[in-house]
Amino acid sequence: MIESSGDVIAFPANETMTKEEASPFLVFGAPLIEQAEIDEVIDCLHSGWLGTGPKVAKFEQDFATYKGVDQAVALNSCTAALHLSLIAAGIGHGDEVITTPLTFCATINAIIHTGATPVLADVDPITMNIDPAQVEAKITPKTKAILPVHFAGRPCDMDGLMAIAQRYDLLIIEDCAHAIETQYKGRPAGTMGDFGCFSFYVTKNVATGEGGMVIARNEEQAARIKTLALHGLSRDAWKRFSDEGYKHYHVTEAGFKCNMMDLQAAIGLHQLARVEENWTKRESLWAFYQEALADLPITKPAQPDANTKHGLHLYTILIDERVAGISRDAFLDSMNRKRIGTGVHYLSIPEHPYYQDRFDWEPHEFPNANRIGSQTVSLPFSAKVTQAEATRVVDAVRQFVASPVQHKRAA
Ligand SMILES: *Cc1c(COP(=O)(O)O)cnc(C)c1O
């Protein structure tokens, strides 16, 4: 949380607007961009080298150093990181990959696009992370991998998942889209499984607009991902236009187009340098929300487990209409009328018609994810949120949710 905000998107007021309607819209998940990012982007534009180049190489090195690993491969999204990891893992037609119903659709689509079949295992109702016991119940002879998501930045039960992976000889691909800073028993998220996939989408803890990164435990697989991300061209083909002189490249397989640009890395370099500073800002915002909403009849996020570091990506509350006196969707509308942006992370995956049609999934088969999906609201929670904005959020929540007194009477 910071003391003062920079620019906010403000729409011109007109006479029929109330004071609230005319107040600036608090954009959900707006990244905190500072002068260093702006200068580096301008430097990149002046350099004439906008595509994959030295800034991407430096960003990869900085990210690997931050994670305490030898190598990281920058991509244009976490979706690509998941997709290419699955391909590099040799997963395809006839295989099954077990993942969570409480995730962004990209997690599921990445599995589908390899030709493999996604299989869902319900989440723990408190941690909102995939439940190892549910995973084990879904294993078949076709299961090849587990794809856990460290939801909201809270690490999954990796001991439980890794024990299962070992017992059944499965790979683990960690979806770390929420979990850049996350640690589990001293081990950074993304370094415990065979692959770790990160997102630098605008709302994520490190933002490059669009962007992603992958860590692979196996060096050959990392090299394969790099090749797959650039059309399947032989190694370091991006250097073909550099001052080292033109070099022929060869197509070694039919790849994709998922490389990161220097323009994106220019932003990421400085975002990453401030990743812990921004985490600390969100930590104080988390504490502020926890205390300011403590007496309300809503469910606040569970406190982090001992011996872990929560990535603090989302601050989610659960609104149960029977006790809160307002439905989740009416609450979303009310917040919007106060010009406060909110998010829903997520309607459970089986709620979407495509997956229902294709896999015959029913929301009620995953009761924990289904209930969370119907009650959850993410409040504004980026490092850019000021004290005044946080107070505005709390005042609005307190106005719309039943007061603690009403709640006690009803109980
Ligand atoms: C954001 C997100 C993704 C996709 O990330 P992109 O970089 O936008 O492709 C995947 N999984 C989860 C859990 C996410 O939140």
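Whatever order the structure lists them in is the order used to number ligands and atoms, beginning at 1.
Residues satisfying the salt bridge (charged side-chain N to carboxylate O under 4.0 Å, His left out) test with Lys204, not counting sequence neighbours, are none. The salt bridge (charged side-chain N to carboxylate O under 4.0 Å, His left out) search around Asp43 returns Lys55, not counting sequence neighbours.
Checked by atom type and distance alone, the side chain of Arg154 pairs as donor or acceptor with a backbone atom of Ala302 at under 3.5 Å. The backbone N or O of Thr52 sits nowhere less than 3.5 Å from a side-chain atom of Asn259 that would complete a donor-acceptor pair.
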What are the atom names and distances for all N or O pairs under 3.5 Å between ligand 1 and the protein?
| unit_1 | atom_1 | unit_2 | atom_2 | d |
| --- | --- | --- | --- | --- |
| ligand 1 | 5 (O) | Ser199 | OG | 3.3 |
| ligand 1 | 7 (O) | Cys78 | N | 2.8 |
| ligand 1 | 7 (O) | Ser199 | OG | 2.7 |
| ligand 1 | 9 (O) | Cys78 | N | 3.3 |
| ligand 1 | 9 (O) | Thr79 | N | 2.9 |
| ligand 1 | 9 (O) | Thr79 | OG1 | 2.5 |
| ligand 1 | 11 (N) | Asp175 | OD1 | 3.4 |
| ligand 1 | 11 (N) | Asp175 | OD2 | 2.8 |
| ligand 1 | 15 (O) | His178 | NE2 | 2.8 |
| ligand 1 | 15 (O) | Lys204 | NZ | 3.0 |
| ligand 1 | 15 (O) | Tyr346 | OH | 3.0 |

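Using a 3.5 Å distance cut-off with no hydrogens or angles, the side chains of Glu362 and Gln356 do not pair a donor with an acceptor.
For residues 144-168, the ring pair (Phe, Tyr, Trp, His ring centres under 6.0 Å) pairs, not counting sequence neighbours, are Phe151-His178.
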